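Owing to the predicted nature of the structure, the values given are computational and were not obtained by experimental measurement.
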Amino acid sequence: MLALLIACQPKGEKQLVGVVAAVSVDRVAIELILEDEALADSLLDQLGETELACYRWKNHLVLFGEAKDTVGISSLIHNAGIGMETKYYTNPMYVFDRASHCGDTPVVKPWKDYLLTANLVEDPVMQQRYMAYHEVQFEEWPEVAQGFCNAGFQQLLAFRNGRQLMLVISIPADKTLDELNPKTEENNPRMVEWNQRMGKYQEGIEGTSPGETWVFFEKLQATSIE
């Protein structure tokens with residue numbers, strides 16, 4: 001088996017987060033926020049071989065994959081000698097999976113994962129309201145899940161660490177999010193209303209432009225060497 005050096009090169013299409021299909025929710029994300037963006041490649045070289053996918057936005061690196069593949073990663077990060085903040089996203093606050101919410105429609109594999117992030121606004125009361133909406137979404141806003149089904153989303157995971165949200169959208173590997181995402185709102189006014197409401201509770205993380213809320217991580221191409 002070839003060793004993988006995560007010397008990450010842009011893979012091309014901008015990655016967007018999508019919807020989830022019944023998989024074990026044993027998927028995790030580790031975000032590394034570097035003090036010096038120029039050291040990103042050095043850090044990835046030090047992490048070496050891993051089964052985790054690598055994503056990047058400015059000085060933010062995210063390693064994403066199955067929890068079993070994170071064994072030893074925390075130690076490597078700690079010993080890298082590079083100034084950074086580390087955030088772990090391990091227990092999703094919200095899970096959509098196709099097998100549970102889309103009737104008899106089949107789950108498609110392989111998937112393509114899109115990752116994006118935003119902050120909740122600083123107001124604790126509004127944060128609680130946002131969480132409450134998601135706790136009852138399947139019962140009181142079923143059109144949201146139906147929109148995901150209509151778009152062919154396979155899985156959607158929403159993680160929270162403090163104010164920060166990390167969204168993972170999984171779609172069939174032969175599709176793109178630009179192609180599928182508009183279908184979530186097609187003939188679905190309640191989905192449009194949901195998106196408008198949720199937008200009131202969200203804002204961009206540090207480093208975003210004025211008026212920018214969700215930012216997309218770009219998936220980086222692993223380089224294989226013998």
Side-chain angles (χ1 to χ4, degrees), residues 14-31 33 52-53 55 57 60 62-67 70 87-102 107 111-171 177 180-181 183-185 188 190-205 208 212-217 219:
K14 181 169 68 174
Q15 298 292 321
L16 231 157
V17 194
V19 187
V20 195
V23 339
S24 86
V25 182
D26 199 24
R27 307 171 89 200
V28 301
I30 303 172
E31 182 182 20
I33 307 171
L52 299 172
Y55 296 78
W57 178 77
H60 295 246
V62 176
L63 305 176
F64 177 71
E66 300 292 329
T70 65
K87 291 186 176 183
Y88 294 88
Y89 302 84
T90 57
N91 297 304
M93 69 171 207
Y94 173 87
V95 178
F96 164 89
D97 69 89
R98 190 168 193 84
S100 299
H101 300 288
C102 299
V107 174
W111 292 349
K112 178 189 300 181
D113 297 317
Y114 292 83
L115 274 65
L116 56 89
T117 191
N119 271 342
L120 291 175
V121 295
E122 291 193 39
D123 186 336
V125 174
M126 293 189 70
Q127 293 176 22
Q128 292 174 2
R129 289 176 182 166
Y130 182 86
M131 299 296 289
Y133 266 114
H134 284 78
E135 289 173 2
V136 300
Q137 182 252 291
F138 292 114
E139 294 77 24
E140 298 185 11
W141 294 78
E143 297 86 354
V144 174
Q146 187 58 53
F148 296 154
C149 294
N150 294 344
F153 288 171
Q154 303 300 299
Q155 185 180 69
L156 188 146
L157 303 176
F159 297 90
R160 179 183 177 187
N161 184 320
R163 285 205 298 134
Q164 191 170 347
L165 303 172
M166 184 72 65
L167 186 61
V168 181
I169 301 172
S170 304
I171 65 172
L177 198 56
L180 298 184
N181 197 50
K183 298 180 183 297
T184 62
E185 294 187 348
N188 193 346
R190 283 273 283 176
M191 182 63 156
V192 175
E193 182 183 355
W194 171 269
N195 288 335
Q196 292 172 343
R197 289 196 183 198
M198 294 306 102
K200 299 176 182 178
Y201 300 94
Q202 304 159 350
E203 62 185 18
I205 65 172
T208 54
E212 184 179 19
T213 302
W214 288 97
V215 295
F216 298 92
F217 292 95
K219 187 172 185 181

Requested in this report: Report the C-alpha distance between W194 and E143 in whole Å, list the side-chain angles of each, state the deciding distance to 0.1 Å, and finish with yes or no for side-chain hydrogen bond (donor to acceptor under 3.5 Å, both in side chains).
Outcome: CA-CA 9 Å; W194 171 269; E143 297 86 354; over 6 Å; no
Heavy atoms of R27 and D113 approach each other most closely as NH2-OD2, 2.7 Å
- prompt: Quick check: are there more than 12 heavy atoms from other residues, nucleotides or ligands sitting under 6.0 Å from CD of E122?
  reply: no
Value for CE (M191) from CZ (F148), rounded to nearest 0.5 Å, stands at 4.0 Å
When rounded to the nearest 0.5 Å, the distance separating CG of N119 from OG1 of T208 is 8.0 Å
By side chain to side chain donor-acceptor pair (under 3.5 Å), H60 pairs with (sequence neighbours left out) E31
| said: If you apply the rule side-chain contact (heavy atoms from CB on, under 4.5 Å), what do you find for R190 with E193, and how did you get there? | reply: CA-CA 5 Å; R190 283 273 283 176; E193 182 183 355; 4.0 Å; yes
*Is there a side-chain contact (heavy atoms from CB on, under 4.5 Å) between Y201 and Q127 once you walk through the steps?*
CA-CA 7 Å; Y201 300 94; Q127 293 176 22; over 6 Å; no
Scanning both residues in full, the closest heavy-atom pair of C102 with F96 reads SG-CZ, 3.6 Å
Fill in: R98 side-chain N/O to C149 backbone N/O, donor-acceptor pair under 3.5 Å
yes
Please confirm whether F138 and H101 have ring centers closer than 6.0 angstrom.
yes
Task: Side chain to side chain, L165 and Y130, heavy atoms closer than 4.5 Å - done: yes
Margin query: Can you confirm whether K87 is buried at NZ, in the sense that more than 12 heavy atoms of other residues, nucleotides or ligands lie under 6.0 Å from that atom?
Written below: yes
Interatomic distance, CD1@I33 vs CH2@W57, rounded to 0.5 Å, equals 10.0 Å
Could you tell me whether the side chain of D97 and the main chain of S100 form a donor-acceptor pair under 3.5 Å?
yes
Looking only at heavy atoms, the pair that brings A29 and V62 closest together is CB-CG1, 4.0 Å
Of all heavy-atom pairs linking I171 and L180, the shortest is CB-CD1, 3.9 Å
Here the gap from R129 atom CZ to R197 atom CZ, rounded to the nearest 0.5 Å, amounts to 11.5 Å
inquiry  = Is it the case that the side chain of S170 and the backbone of K112 share a donor-acceptor pair, with hydrogens and angles ignored and the cut-off at 3.5 Å?
reply    = no
d(M166 CE, I205 CD1) to nearest 0.5 Å is 7.5 Å
Rounding to 0.5 Å, atoms CG (L116) and OH (Y55) come to a distance of 11.0 Å
Nearest heavy-atom approach of A151 to T184 is CB-CG2, 3.5 Å
Sorted by chain and number, sequence neighbours left out, ring pair (Phe, Tyr, Trp, His ring centres under 6.0 Å) with F159 holds for none
key: Donor-acceptor contact below 3.5 Å, side chain R160 vs main chain G162   = yes
Smallest heavy-atom separation, V28 atom then F64 atom, equals O-CD1, 3.0 Å
